[in-house]
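Below is one structure, written out as structure tokens; the observations come after it.
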Amino acid sequence: MPSQPSVISPDLIPAELYPVINALCAVSIDVAAVIAKGPLGQSLGSQVGENTDGDAQKALDVLADEMFEGALREANVRWYASEEQETVLTLDPAGKYALAIDPLDGSSNIDVNVSIGTIFSVFDAKDEAEASFLRPAREQLTGGYILYGPSCCLVVTFGSGTQQYVLDPDTKQFVLVEKAMSVPATSKEFAINASNYRHWSKPVRTYIDECLAGKEGPRGKDFNMRWVGSLVAETHRILTRGGIFLYPRDGRPGYENGRLRMIYECAPIAFVIEQAQGGATDGETPILDLAADTLHGRTPLIFGSAEKVAAVAAHHELSE
Ligand code: AHG
Ligand code: MN
Ligand code: MN
Ligand code: MN
């Protein structure tokens with residue numbers, strides 16, 4: 001049994017992965033407590049550095065990374081790849097698993113009290129560190145996220161549907177609330193950072209123009225738009241009420257493959273979405289059929305209601 005006290009019921013969690021999931025959940029309870037203190041505690045949103053991918057590193061990015069890394073040393077994890085680490089760390093040389101993590105997703109929202117999260121993905125550990133992560137995303141053993149929102153929840157898949165657990169603040173236990181989440185097949189809601197309009201390719205602009213044209217346009221309906229700036233919050237909304245999320249490639253230097261990183265953002269999000277009957281592609285190809293070429297490699301990401309994502313892929317309208 002795990003070295004950590006149990007904070008989640010083992011019911012739907014494969015026994016050999018339970019120590020990893022339990023460690024992630026145990027740390028997330030501590031991260032949630034740090035976040036809940038806000039300015040009453042240490043300064044969480046101050047910039048303390050820059051990571052390999054060029055992101056400003058906030059204090060909470062680094063603190064969360066240290067907290068997860070420490071706990072995962074006792075959870076049968078050999079290789080640890082993090083947004084906040086340049087290279088793969090060795091945790092337990094005899095460990096069975098390779099874990100990729102975005103310790104704190106949505107860092108720009110730390111200071112403004114908007115939902116943020118942690119995203120994780122687990123493969124079986126190969127003998128070579130990077131090779132354990134640079135492989136088809138469909139080989140993931142588990143993937144998911146913790147959302148530090150008005151309520152704290154875990155959404156996870158082991159390849160047999162997508163489950164949701166909610167942290168009970170009274171008992172400090174994650175309780176199963178949904179055995180099989182399902183993305184509504186269609187929706188009128190799209191999520192994109194519209195301030196990048198001038199950088200998009202023509203097909204992306206056309207697609208969004210048509211959404212903005214409402215009933216007068218070729219798509220014939222009025223759409224609603226959301227953009228939170230936290231991938232975990234967008235994912236949870238779409239898993240709950242449908243929608244389509246787009247972070248396409250754009251013309252800015254460094255954004256030729258968009259902004260989101262494959263192994264610790266796109267692959268685990270695609271896994272939970274596909275397991276909930278949604279779609280997730282790079283505009284054409286299912287994300288789960290792709291492999292990252294470098295640890296912090298990026299990919300365009302379009303995911304959400306299956307009909308919406310398929311329509312985009314069918315017309316190859318966003319893939320240029
Ligand atoms: P992170 O904070 O882990 O670096 O991730 C931020 C990501 C993702 O959460 C969000 O969807 C996206 O960045 C927002 O990008 P823009 O700031 O370009 O809108
Ligand atoms: Mn970042
Ligand atoms: Mn992120
Ligand atoms: Mn992050």
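One-based numbering, in listed order, for ligands and for the atoms of each.
If you check which protein heavy atom lies closest to atom 10 (C) of ligand 1, you get Gly229 O, 3.5 Å. In terms of protein heavy atoms, atom 7 (C) of ligand 1 is closest to Leu260 CD2, 3.7 Å. At the top of the distance list for atom 17 (O) of ligand 1, counting protein heavy atoms only, stands Arg259 NE, 4.2 Å. Closest to atom 18 (O) of ligand 1, if we only count protein heavy atoms, is Tyr247 OH, 2.6 Å.
Shown here is Asp127, whose CG atom has no more than 12 heavy atoms of other residues, nucleotides or ligands within 6.0 Å. Remark: Glu50 CD is packed, more than 12 non-hydrogen atoms of other residues, nucleotides or ligands lying under 6.0 Å away. No more than 12 heavy atoms of other residues, nucleotides or ligands lie within 6.0 Å of CD in Glu86, so this atom counts as exposed by the packing criterion.
Every atom of ligand 1 is numbered from 1 in the order shown, and the set under 4.0 Å from a heavy atom of Ser230 is 9 (O). Of all atoms in ligand 1, numbered sequentially from 1 with element shown, those under 4.0 Å from a heavy atom of Asp102 are 3 (O). Close approach of ligand 1 to Leu231 (heavy-atom distance below 4.0 Å) involves ligand atoms 8 (C), 9 (O), 10 (C), 11 (O). Residue Ser107 approaches ligand 1 through these ligand atoms, each under 4.0 Å from one of its heavy atoms: 2 (O). The atoms of ligand 1 that sit less than 4.0 Å from any heavy atom of Leu104 are 2 (O), 3 (O). Within ligand 1, the atoms closer than 4.0 Å to a non-hydrogen atom of Trp227 are 14 (C), 19 (O), numbered from 1 in the order shown. Ligand-side atoms of ligand 1 in range of Glu265: 3 (O), 5 (O), range being under 4.0 angstrom from any heavy atom.
Counting only N and O atoms by type, the side chains of Glu74 and Gln4 include no donor and acceptor under 3.5 Å apart. Side-chain contact of Tyr197 with Asp209: a donor-acceptor pair under 3.5 Å is present, judged by distance alone.
Judged by a 6.0 Å distance limit and a 45° cone about the ring axis, Arg237 is not positioned over the six-membered ring of Phe245. A cation-pi contact links Arg252 to Tyr255, judged by a cut-off of 6.0 Å to the six-membered ring centre and 45° from its axis.
By the 4.0 Å heavy-atom criterion, Arg261 is counted among the residues contacting ligand 1. Using 4.0 Å as the threshold, Asp53 has no heavy atom nearer than that to any atom of ligand 1. Taking a 4.0 Å cut-off on heavy atoms, Gly106 registers as neighbouring ligand 1.
At a threshold of 4.0 Å, the pair Arg298-Asp282 does not count as salt-bridged, since none of the basic side-chain nitrogens sits closer than that to a carboxylate oxygen. A salt bridge links Asp222 to Lys215: one of the charged nitrogens lies within less than 4.0 Å of a carboxylate oxygen. Remark: Glu256 does not engage Arg249 in a salt bridge, criterion side-chain N to carboxylate O under 4.0 Å.
Between the Asn76 side chain and the Lys96 main chain, a donor and an acceptor come within less than 3.5 Å of each other.
When all heavy atoms of Glu84 and Pro103 are compared, the pair lying nearest together is CG-CG, 4.0 Å. Here the closest heavy-atom approach between residue Cys211 and residue Phe223 is recorded as O-CD1, 3.4 Å.
Nearest N/O/S atom of Glu265 relative to the Mn ion (ligand 3): this is OE2.
For a distance threshold of 2.8 Å, the protein N, O or S atoms nearer than that to the Mn ion (ligand 2), listed by chain and number, are Asp55 OD2, Glu83 OE2.
Between Phe303 and Leu301 there is a side-chain heavy-atom pair separated by less than 4.5 Å.
Met262 and Leu288 fall into different hydrophobic clusters, where Ile, Leu, Val, Met, Phe, Trp and Tyr side chains are chained together by heavy-atom contacts under 4.5 Å.
Using a 4.0 Å cut-off between heavy atoms, Asp55 contacts ligand 1 through its side chain alone, with no backbone atom that close. Both the backbone and the side chain of Asp105 come within contact range of ligand 1, each with a heavy atom under 4.0 Å. Under 4.0 angstrom from ligand 1, there are no non-hydrogen atoms of Glu234.
Here Trp227 and Phe190 keep their ring centres 6.0 angstrom or further from each other.
Considering backbone and side-chain atoms together, Ser108 places no N or O closer than 3.5 Å to any N or O of ligand 1. Inclusion of Asn193 in the set of residues having an N or O under 3.5 Å from an N or O of ligand 1 is warranted.
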